[in-house]
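One structure is given here, and the rest of the page talks about it.
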Amino acid sequence: MGDGIVDVLGTPYQSRVIDLGQDDEGPVVATLVSRRAQAPTGRAVLYVHGFVDYFFQTHLADFYTDRGWDFYALDLRKYGRSLLPHQTPNFCRSLTDYYPELDAAAAIIREEDGHGTLLVNGHSTGGLITSLWSHDRRHRGIVDGLFLNSPFFDFNARWVMRRPIAAAVARVGRARPRRIVPLAVSHVYGQTLHVEQRGEWTYDLAWKPLLGFPVRAGWLAAIREAQVRLRAGLTITAPVLLACSVRSFRGSTWHESAALADAVLDVEHMVRWAPGLGPHVTVVRIDGGMHDLTLSGPTARARLFDEVERWMDAYIERPSRINEAGSAAEPV
């Protein structure tokens, strides 16, 4: 974990800038945040955030480091720590745009820092990105396990919006990628999170604004293309844990039930497409879980971490319990 500086979160977090060259807006970087466990064990986890997001969940790092896993989190290009003044926030033309920083982060973790085991933890859009990346890199032996926290496998809308209208917007996205489309992250969800609203969490509202960033047609086209590919079926050879809430919240105004459900995505979409990820997928549903399950209330959060720990112990800590065909020797 060398060549880093003290991160904005303070000691013991370090951050390292990954130079990614230039795109049509100018210089591009990603940022790898890291924190060591108390003693080296050769195991590490790489966390990848969602849309309108960045890494700030220090209690998630506590969970992993307390169990002997070195923790890394990647702020993708144009997100959080990596967002530069000349850039369109959170914008991309393809989710494969993020492969260079994922490859670089994995190389730092495995080759420079000498970790023999790598668990990847992706949330929401990060779950979609890391699913495709894990599939495309499956022959390289990079990923030993994939934990998906409420992954973005489909748009939370009626069928006509998800399919024909989304296809039409995708065509616009190819021609005018930075055109703003009338979609936004649920403002109700932001209210459930931030301590200045109705939540318990403190984070930088410049990097994660309550009303989100404008959705661009090019980004929407990139998401749709990735989702179509995922729904056609992947072959992720590493064991996968997909966790989501029991229910979704569909209201447009605040209600206390929003703090007990996914107020961003339709959880049934996640469950529906989970079996197509690979030969070994475990699905866990958390009663009272919010969209980012790690930011749920204390009871749901504790249940999530118990389930993740049990899955890690069964399928990552003791990988011999999975046979060569990818089937579980013992069910969770």
Donor-acceptor contact present, side-chain Arg216 to main-chain Arg93, <3.5 Å: no

CD/Glu225: more than 12 non-hydrogen atoms of other groups inside 6.0 Å: no

Same apolar cluster: Val246 and Val283, side chain cutoff 4.5 Å: no

Shared hydrophobic cluster, Leu293 / Leu260 (ILVMFWY, side-chain heavy atoms < 4.5 Å): no

Side chain Glu25, main chain Thr88, donor-acceptor under 3.5 Å: yes

Sub-6.0 Å ring centroid separation between Phe147 and Tyr64: no

Sidechain-backbone polar pair: Arg16 side chain, Gly4 backbone, donor-acceptor under 3.5 Å: no

Test item: Asn90 side-chain N/O and Lys78 main-chain N/O as donor-acceptor pair under 3.5 Å: yes

Between Tyr99 and Asp136: side-chain donor-acceptor atoms closer than 3.5 Å: yes

Output field: ring centroids Phe51/Trp219 closer than 6.0 Å: yes

Any donor-acceptor N/O pair, Ser134 side chain to Ser131 backbone, under 3.5 Å: no

Under 3.5 Å donor-acceptor, Ser82 side chain and Asp75 backbone: yes

Criterion ring-ring contact (aromatic ring centres under 6.0 Å, His included) on His115 and Tyr72, from CA distance to verdict: CA-CA 12 Å; His115 294 91; Tyr72 296 79; 5.7 Å; yes

Asn121 side chain to Asn149 side chain, donor-acceptor N/O pair below 3.5 angstrom: no

Contact check, side chains of Arg36 and Thr65, non-hydrogen atoms, under 4.5 Å: no

ILVMFWY cluster, Val228 and Trp133 together (side-chain gap under 4.5 Å): no

Which residues share a ring pair (Phe, Tyr, Trp, His ring centres under 6.0 Å) with Phe153, sequence neighbours left out: none

Under 3.5 Å side-chain donor-acceptor pair for Arg43 and Thr41: yes

Partners meeting side chain to side chain contact (heavy atoms under 4.5 Å, CB included) with Arg67 (sequence neighbours left out): Phe63, Trp69, Glu309

Donor-acceptor under 3.5 Å (His49 side chain, Leu76 main chain): yes

Close side-chain approach of Arg77 to Pro100, heavy-atom, < 4.5 Å: yes

Heavy-atom side-chain proximity of Pro151 to Leu128 below 4.5 angstrom: no

Ser15 side chain vs Val33 backbone, donor-acceptor pair below 3.5 Å: no

pair Leu74-Phe55: side-chain heavy atoms closer than 4.5 Å: no

Between Phe152 and His291, ring centroids under 6.0 Å: no

ILVMFWY network linking Leu205 to Trp201, side-chain heavy atoms under 4.5 angstrom: yes

Test item: side-chain donor near acceptor, Gln57 and Asp292, under 3.5 Å: yes

Gly233 backbone acceptor or donor facing His135 side chain under 3.5 Å: no

Close side-chain approach of Pro89 and Trp207, heavy atoms under 4.5 Å: no

Close side-chain approach of Val284 to Leu241, heavy-atom, < 4.5 Å: yes

Val48 side chain near Thr125 side chain, heavy-atom distance below 4.5 Å: no

Flag, side chain of Asp144 to backbone of Leu118, donor-acceptor distance under 3.5 Å: yes

